[in-house]
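In listed order, ligands and their atoms are each counted from 1. Predicted, not measured: the structure shown is a model, and the values here were computed from it.
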Amino acid sequence: MLVSAGPTREFVDPVRFLSNRSTGRMGFAVARAGVEAGHEVALVCGPVSIEPPSGLFALDNVVSARDMLAALEARLEWCDILVMTAAVADFRPEAPAARKIRKGEMPECLRLVPNPDILAALAPRKGDRVFVGFAAETGDAVDSAASKMRRKGLDMIVANDVTRPGAGFAVDTNEAAILTPDAPPQALPLMPKIELARIIVDRAARLADARRRP
Ligand code: PMT
C-alpha cells in the first residue's frame with residue numbers, strides 16, 4: 001500500500017514558500033492502519049513535524065509537488081493500493097529567486113504556474129490498482145468530491161469539509177463521507193483519524209481483493 005501525507009512546499013526564494021495547513025496526521029493514520037492490517041506500507045511524506053508510524057516498509061521524505069510525483073511514480077509499480085491524503089499545492093511560483101528577495105526588491109505580483117495533478121499523472125499507469133483520493137472541501141463536500149472522483153478516475157474518495165470543527169487540518173479527529181462510483185455516499189460521524197483510517201484501509205483492501213479474484 002502506498003500512502004501520501006502532509007503538505008508540499010513551493011519555494012518563492014530560498015527562505016519563503018507557499019504551502020498549506022496539513023500536518024500529516026490523516027496520512028500517518030492511514031499508514032498506521034495499513035501496517036496494523038498487515039499491509040506493507042510505503043509512505044511518501046511532505047514536510048511535517050510529527051513522528052511517522054513504526055513498521056513502515058519505506059518512508060520517502062519530499063518537499064515539492066513535483067518531488068512527491070517523482071517519489072510516487074517510483075513506487076507505483078510496487079503497490080496494489082494508493083491512498084492520496086497529501087494536500088498537494090496546486091500551483092507554484094513560476095520563477096523562484098535564487099537569493100532571498102529583499103524588502104526593496106519586492107515584486108508587485110507573484111506569477112504562479114500550475115503544478116502537476118499527481119493523481120491524473122499516475123492514472124495512465126493505474127491498471128488494477130485501487131486509487132483512493134481525499135477531497136478537502138469548504139462546504140458542499142459530497143457533491144464536489146463526487147465530481148473530483150469522476151474527473152480523477154478514482155475508486156474511492158474521502159470527502160472532508162475542512163471548515164467543520166474537529167475535521168480536516170491539524171486535528172486528531174475527522175468527519176468524512178466515503179464515496180465510491182457505484183454506491184450512495186457513506187456519511188461517517190466525527191471520529192479519531194485512526195478509526196476513519198481503519199475504515200478506509202478495510203474498504204480499499206476489499207476492492208483490491210475483489211480485483212484479484214478470477
Ligand atoms: O494532514 P492533516 O493535518 O491531518 O490534514 C488532513 C487533510 C485535510 C490534508 C486530509 O484530510 C485531506 O483532505 N487531504 C486532501 C487534501 C487535498 O489536496 O484535497 P484536494 O481536494 O485539493 O485534492 C483532491 C485529491 O487530489 C487529493 O487526494 C489530493 O492528494 C490529490 N491532488 C491534489 C492536487 C494535485 N496537484 N495533485 C493531486 O493528486
Side-chain angles (χ1 to χ4, degrees), residues 2-10 18-33 43-53 62-73 75-76 81-92 112-126 129-179 188 190-197 199-200 204:
L2 183 57
V3 180
S4 74
T8 61
R9 285 182 184 169
E10 311 299 330
L18 305 177
S19 192
N20 60 67
R21 295 173 50 219
S22 174
T23 59
R25 284 176 167 79
M26 190 67 243
F28 282 21
V30 172
R32 186 177 140 201
L43 180 60
V44 174
C45 184
V48 297
S49 55
I50 59 170
E51 282 297 304
V62 298
V63 177
S64 69
R66 288 179 295 171
D67 298 340
M68 183 170 280
L69 172 59
L72 291 167
E73 276 176 337
R75 298 236 176 245
L76 191 70
I81 297 171
L82 167 68
V83 186
M84 279 292 296
T85 78
V88 184
D90 284 313
F91 36 76
R92 65 179 186 274
L112 301 175
V113 291
N115 264 333
D117 183 315
I118 294 178
L119 281 168
L122 298 178
R125 292 172 56 203
K126 180 173 181 291
R129 291 174 188 82
V130 172
F131 274 18
V132 180
F134 266 66
E137 305 295 344
T138 50
D140 201 13
V142 169
D143 282 353
S144 175
S147 67
K148 278 183 191 170
M149 176 171 62
R150 281 192 297 273
R151 208 170 56 239
K152 295 183 185 238
L154 302 175
D155 302 289
M156 190 191 304
I157 196 160
V158 182
N160 45 189
D161 178 344
V162 297
T163 63
R164 291 180 84 88
F169 295 105
V171 284
D172 288 318
T173 52
N174 208 352
E175 187 178 349
I178 297 183
L179 284 75
L188 297 167
L190 186 69
M191 63 178 75
K193 282 183 173 168
I194 184 63
E195 277 182 32
L196 174 61
I199 295 170
I200 294 164

I'd like to check whether Val162 has a polar contact with ligand 1, where a contact means an N/O of the residue lying under 3.5 Å from an N/O of the ligand. no
Check this for me - ligand 1, Ala87, N or O atoms closer than 3.5 angstrom, yes or no? no
So for Ala65, does at least one of its heavy atoms come nearer than 4.0 angstrom to any atom of ligand 1? no
Which of the ligand 1 atoms, numbered from 1, are nearer than 4.0 Å to a heavy atom of Gly168: 5 (O), 6 (C), 8 (C)
Taking only heavy atoms of Asp90 into account, list the atoms of ligand 1 that are under 4.0 Å away from them. 34 (C), 35 (C), 36 (N)
Looking at every heavy atom in both Pro116 and Arg92, which two are closest together, and how far apart are they? CD-NH1, 4.1 Å
Closest approach of any protein heavy atom to atom 20 (P) of ligand 1, naming residue and atom: Lys148 NZ, 3.6 Å
What one should report as the nearest heavy-atom pair of Thr163 and Gly139 is OG1-N, 4.4 Å
Could you find the nearest protein heavy atom to atom 1 (O) of ligand 1 and give me its residue, atom name and distance? Ser22 OG, 2.6 Å
What's the shortest heavy-atom distance between Leu69 and Ala121, and which atoms? CD1-CB, 3.9 Å
Please identify which atoms of ligand 1 are closer than 4.0 Å to at least one heavy atom of Ala135. 21 (O)
Considering only heavy atoms from C-beta outward, does the side chain of Val62 approach that of Thr8 to under 4.5 Å? no
So is Glu137 polar-close to ligand 1, meaning N/O to N/O under 3.5 Å? no
Against heavy atoms of Gly133, which atoms of ligand 1 measure under 4.0 Å? 28 (O)
Only one of Val30, Leu72, Val3 forms a side-chain contact (heavy atoms from CB on, under 4.5 Å) with Met84, so which one is it? Leu72
Please write down residue, atom name and distance for the protein heavy atom closest to atom 13 (O) of ligand 1. Asn160 ND2, 2.9 Å
First locate atom CZ of Arg129, then atom CG of Leu82, and finally report the distance between them rounded to the nearest 0.5 Å. 9.5 Å
Which heavy atom of Gly27 sits nearest to which heavy atom of Leu43, and what is that distance? O-CD1, 4.4 Å
Would Ser64 and Arg66 count as a side-chain hydrogen bond (donor to acceptor under 3.5 Å, both in side chains) if you check the C-alpha gap in whole Å, the side-chain angles of each, and the deciding distance to 0.1 Å? CA-CA 5 Å; Ser64 69; Arg66 288 179 295 171; 5.1 Å; no
For ligand 1, find out whether one of its N or O atoms is nearer than 3.5 Å to an N or O atom of Thr23. yes
Side chain, backbone, both or neither: which part of Ala5 comes within less than 4.0 Å of ligand 1 when only heavy atoms are counted? neither
Spacing of Asn160 atom CG and Asn174 atom CG [to the nearest 0.5 Å]: 4.5 Å
Is there at least one pair of N or O atoms, one from Asn115 and one from ligand 1, spaced under 3.5 Å apart? no
Residue and atom name of the nearest protein heavy atom (relative to atom 26 (O) of ligand 1), distance in Å to one decimal: Lys152 NZ, 2.9 Å
Which heavy atom of the protein is the closest neighbour of atom 30 (O) of ligand 1, given with residue, atom name and distance? Ala86 O, 2.7 Å
Tell me the protein heavy atom at minimum distance from atom 39 (O) of ligand 1, and give that distance in Å. Leu119 N, 2.9 Å
Please state which option from Phe91, Phe134, Phe131 has its nearest heavy atom closest to atom 27 (C) of ligand 1. Phe134
May I ask you to test the Arg25-Asp172 pair for a side-chain heavy-atom distance under 4.5 Å? yes
Report the nearest protein non-hydrogen atom to atom 36 (N) of ligand 1: residue, atom name, distance rounded to 0.1 Å. Pro116 O, 3.0 Å
Roughly how far, to the nearest 0.5 Å, is the CD atom of Glu137 from the CD1 atom of Ile157? 7.5 Å
Less than 4.0 Å between a side-chain N and a carboxylate O, is that true for Asp155 and Lys126? yes
Of all the heavy-atom pairs spanning Pro7 and Ser22, show the shortest one and how long it is. CD-O, 3.4 Å
Hey, could you give me the CZ/CG distance between Phe134 and Leu119, rounded to the nearest 0.5 Å? 12.0 Å
Of Ile118, Thr173, Val30, which has the heavy atom at the shortest distance from atom 38 (C) of ligand 1? Ile118
So is Ala145 touching ligand 1 or not, going by heavy atoms under 4.0 Å? no
Mark up the atoms of ligand 1 that fall under 4.0 Å of a heavy atom belonging to Arg25, in ascending order. 1 (O), 2 (P), 4 (O)
Can you list the ligand 1 atoms lying under 4.0 Å from a non-hydrogen atom of Met84? 27 (C), 28 (O), 30 (O), 39 (O)
Heavy-atom nearest pair, Asp161 first then Ala167, reads O-CB, 3.7 Å
Identify, by atom number and element, the atoms of ligand 1 in contact range of Thr85, meaning under 4.0 Å from any of its heavy atoms. 9 (C), 10 (C), 12 (C), 14 (N), 15 (C)
Which of the atoms in ligand 1, numbered in the order shown and given with their element, are less than 4.0 Å from a heavy-atom of Lys193? 2 (P), 4 (O), 5 (O)
What is the nearest protein non-hydrogen atom to atom 6 (C) of ligand 1, stated with its residue, atom name and distance? Met26 CB, 3.6 Å
